[in-house]
Amino acid sequence: MTLTRSTVRGIGSYLPARTVTNAELSTTVDTSDEWIVQRTGIRQRHVAADGETTSMLATRAAQAALADAGLSAADIDMIVLATSTPDYTFPATATQVQEAIGMHHGAAFDLQAVCSGFVFAVATADKFIVTGAARRVLVIGAETFSRILDWDDRGTCVLFGDGAGAVILEAQDGAGTVADRGVLSSHLRSDGRHRAKLYVDGGPSSTMTTGHLRMEGREVFKHAVGMVTDVIRDAFAATGTDGEALDWFVPHQANKRIIDASAHKLGIASDKVVITVDRHGNTSAASIPLALDVAVKDGRIKRGDLVMIEAMGGGFTWGSALIRW
Ligand code: ACO
């Protein structure tokens with residue numbers, strides 16, 4: 001049976017030039033490199049320059065993905081951009097990127113699922129492609145979390161960073177088996193009962209301000225491993241695969257302890273786990289495409305490899321997608 005699959009045609013990413021080390025943070029809040037590394041695995045994060053917005057980071061990532069694919073804006077039908085830190089309340093940051101890359105056709109919209117945004121965006125783009133509504137979709141995760149952090153709150157300001165990553169998904173015929181290239185399955189979940197554990201205390205309709213990120217870190221940690229392993233097991237069940245069958249595990253980069261515990265529970269060998277949280281911190285919706293780009297560019301992820309992506313974040317939202325590269 002022939003089936004349309006959403007295959008990865010190109011990938012790119014962009015990080016702001018400025019890095020902030022744990023040592024630098026320890027000069028402004030009561031923390032230490034040792035504490036941050038031990039609890040999270042984070043050693044540094046990138047922070048956008050004054051005036052450098054989410055759409056600017058996203059545009060750089062999009063241009064890199066287009067170059068990697070050998071395509072131009074004219075070849076793209078749709079942009080889906082995952083972010084919780086848009087340039088403006090409206091219009092959508094995706095339309096700013098659309099304009100910046102010179103695309104004046106098709107549709108562009110933002111999607112908000114916090115740290116799970118990229119997985120939700122891939123799943124959304126996949127639905128447009130497999131139904132024939134779009135042939136090529138530019139999927140972007142881009143964030144400037146530095147703008148919503150309370151830089152006096154050591155419990156949160158040490159965790160996050162800025163950046164952007166993008167992939168181009170393209171329709172291709174497959175045989176309908178797990179040997180096909182492309183998105184093989186995606187599973188999305190959310191549960192609004194957990195809102196107060198991770199949220200931003202502002203917004204246009206509530207406070208008319210942007211607000212700051214607030215988190216009960218221990219509570220988030222408690223739920224994270226169970227939620228992501230559940231939704232990965234859904235992907236395994238849907239595709240007849242397991243932890244051993246994976247070539248690469250590219251989780252949302254929030255915390256190395258969450259990643260290690262999830263991989264262990266799923267029987268995924270540690271040398272198959274892509275880790276960038278040490279260099280990037282938690283870049284929310286950007287973390288997975290940033291990590292994918294690192295592992296593609298350094299030669300680890302190759303065409304035909306079986307790659308599991310997963311994330312969990314505010315809402316809570318969580319999800320997984322199994323992709324044959
Ligand atoms: N430096 C030094 N001490 C700190 C810091 C810091 N940066 N932050 C908190 N502490 C202190 C606390 O004040 C507390 O001190 P006390 O015992 O005197 O009260 C102590 O460290 C322990 O605090 P906890 O919050 O209980 O520390 P915990 O071991 O839970 O680690 C952490 C905190 C790293 C945030 C952890 O809970 C975590 O990683 N949670 C997951 C959160 C996460 O990844 N969120 C990302 C968004 S969601 C997602 O992407 C999955």
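Please read these numbers as outputs of a predicted model, since none were measured by experiment. Excluded from the calculations below are hydrogen atoms, water molecules and symmetry mates; all remaining heavy atoms, backbone and side chain alike, are included.
Within a 6.0 Å radius of CZ in Arg60, other residues, nucleotides and ligands contribute 12 heavy atoms or fewer. Within 6.0 Å of CZ in Arg43 there are 12 or fewer heavy atoms belonging to other residues, nucleotides or ligands. The number of heavy-atom neighbours closer than 6.0 Å to NE2 of His194, taken from other residues, nucleotides and ligands shown, is above 12.
Put simply, OG1 on Thr7 and CD1 on Ile168 are 11.0 Å apart, with the number rounded to the nearest 0.5 Å. To the nearest 0.5 angstrom, Glu216 atom CD is 7.0 Å from Lys197 atom NZ. Distance OH/Tyr88 to OG1/Thr53: 7.5 Å, rounded to 0.5 Å. Going from atom NZ of Lys272 over to atom CG of Leu246 covers 6.5 Å, rounded to the nearest 0.5 Å. In this structure, the separation between CD1 on Ile140 and CG on Leu111 is 12.0 Å, given to the nearest 0.5 Å. Between the CG atom of Leu25 and the CH2 atom of Trp151 there is a distance of 6.0 Å, given to the nearest 0.5 Å.
Residues Thr144 and Leu57 approach most closely at CG2-CD1, 3.8 Å, considering heavy atoms. Closest non-hydrogen pair, Ala286 versus Gly165, comes out as CB-N, 4.4 Å. Taking every heavy atom of both residues into account, Ile232 and Phe249 meet most closely at CD1-CE1, 3.6 Å. When every heavy atom of Met103 is checked against every heavy atom of Ile76, the shortest pair comes out as CE-O, 3.5 Å. Nearest heavy atom pair, residue Ala94 against residue Ala108, reads O-CB, 3.7 Å. The two atoms that bring Arg9 and Gly70 nearest to each other are NH2-O, 4.4 Å, heavy atoms only.
Side chains of Glu52 and Arg18 form no contact here, defined as non-hydrogen atoms less than 4.5 Å apart. Taking 4.5 Å as the limit, some side-chain heavy atom of Arg257 sits within range of a side-chain heavy atom of Arg39. Ser186 places a side-chain heavy atom less than 4.5 Å from the side chain of Lys127. Leu213 places a side-chain heavy atom less than 4.5 Å from the side chain of Leu198. Under the 4.5 Å side-chain criterion, counting only non-hydrogen atoms from C-beta, His280 is not in contact with Ser287. Counting only heavy atoms from C-beta outward, the side chains of Trp318 and Val119 never approach each other to under 4.5 Å. Side-chain contact between Thr276 and Arg279 is present, with heavy atoms from C-beta onward closer than 4.5 Å. Thr59 places a side-chain heavy atom less than 4.5 Å from the side chain of Ile101.
Asp180 places a side-chain N or O within donor-acceptor distance of the main-chain N or O of Thr177, the cut-off being under 3.5 Å. A distance-only check finds no donor-acceptor pair linking the side chain of Ser6 to the backbone of Val183 [under 3.5 Å]. Distance alone, capped at 3.5 Å, is enough to place a donor-acceptor pair between the Ser116 side chain and the Thr317 backbone. Looking at Trp248, its side chain does come within 3.5 Å of a backbone N or O of Arg300 through a donor-acceptor pair. Side-chain atoms of Asp87 come within 3.5 Å of backbone N or O of Thr54 as a donor-acceptor pair. A donor-acceptor contact shorter than 3.5 Å is absent between the side chain of His187 and the backbone of Ser320. A side-chain donor-acceptor contact under 3.5 Å links Gln98 to the backbone of His105. Remark: side-chain polar atoms of Arg45 are not paired, donor with acceptor, to backbone N or O of Asn282 under 3.5 angstrom. For Arg324 (side chain) and Val178 (main-chain N/O), a donor-acceptor pair under 3.5 Å exists by modelled atom type. With hydrogens and angles disregarded, a donor-acceptor distance shorter than 3.5 Å links the side chain of Thr21 to the backbone of Glu24.
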- [ ] Please test Glu99 against His104 for side-chain contact (heavy atoms from CB on, under 4.5 Å), starting from the C-alpha separation and ending with a verdict.
- [x] CA-CA 7 Å; Glu99 160 65 4; His104 303 121; 3.2 Å; yes
Open item on the list: For Val8 and Leu292: C-alpha separation, side-chain torsions, deciding distance, then whether side-chain contact (heavy atoms from CB on, under 4.5 Å) applies.
Closed with: CA-CA 11 Å; Val8 178; Leu292 285 169; over 6 Å; no
TODO: Show your reasoning for whether side-chain contact (heavy atoms from CB on, under 4.5 Å) applies to Ile42 and Val158.
DONE: CA-CA 8 Å; Ile42 298 166; Val158 303; over 6 Å; no
- [ ] Kindly indicate, with the supporting measurements, whether the criterion salt bridge (charged side-chain N to carboxylate O under 4.0 Å, His left out) is fulfilled by Arg135 and Asp75.
- [x] CA-CA 9 Å; Arg135 180 163 168 70; Asp75 303 312; over 6 Å; no
Open item on the list: For a side-chain hydrogen bond (donor to acceptor under 3.5 Å, both in side chains) check, start with the C-alpha distance between Ser146 and Asp162, then their side-chain angles and the critical distance, and finish with the verdict.
Closed with: CA-CA 7 Å; Ser146 63; Asp162 300 338; 2.7 Å; yes
TODO: Given side-chain contact (heavy atoms from CB on, under 4.5 Å), test Phe236 with Met308 step by step and report yes or no.
DONE: CA-CA 10 Å; Phe236 286 156; Met308 178 69 77; 3.6 Å; yes
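Hydrophobic clustering of Ile, Leu, Val, Met, Phe, Trp and Tyr side chains at less than 4.5 Å, counting indirect connections, unites Ile11 with Val122. Taking hydrophobic clusters as Ile, Leu, Val, Met, Phe, Trp and Tyr residues chained together by side-chain heavy-atom distances below 4.5 Å, Val294 does not share a cluster with Val296. Phe118 and Leu188 fall within a single hydrophobic cluster, where Ile, Leu, Val, Met, Phe, Trp and Tyr are joined by side-chain heavy atoms under 4.5 Å apart, directly or via other members. With hydrophobic clusters built from ILVMFWY side chains whose heavy atoms lie under 4.5 angstrom apart, Val225 does not share a cluster with Val273. Side-chain heavy atoms closer than 4.5 Å link hydrophobic residues (I, L, V, M, F, W, Y) into clusters, and following such links, possibly through other members, connects Phe160 to Trp35.
A donor and an acceptor atom, one from each side chain of Glu143 and Thr83, are located under 3.5 Å apart.
Of the candidates Ile259, Leu290, Ile288, Ile258, Gln253 forms a side chain to side chain contact (heavy atoms under 4.5 Å, CB included) with just one, namely Ile259.
Ring pair Phe128/Phe109 is tilted by interplanar angle, where 30° to 60° counts as tilted.
Taking a cutoff of 4.0 Å between a charged side-chain nitrogen and a carboxylate oxygen, Asp30 and Arg154 qualify as a salt bridge.
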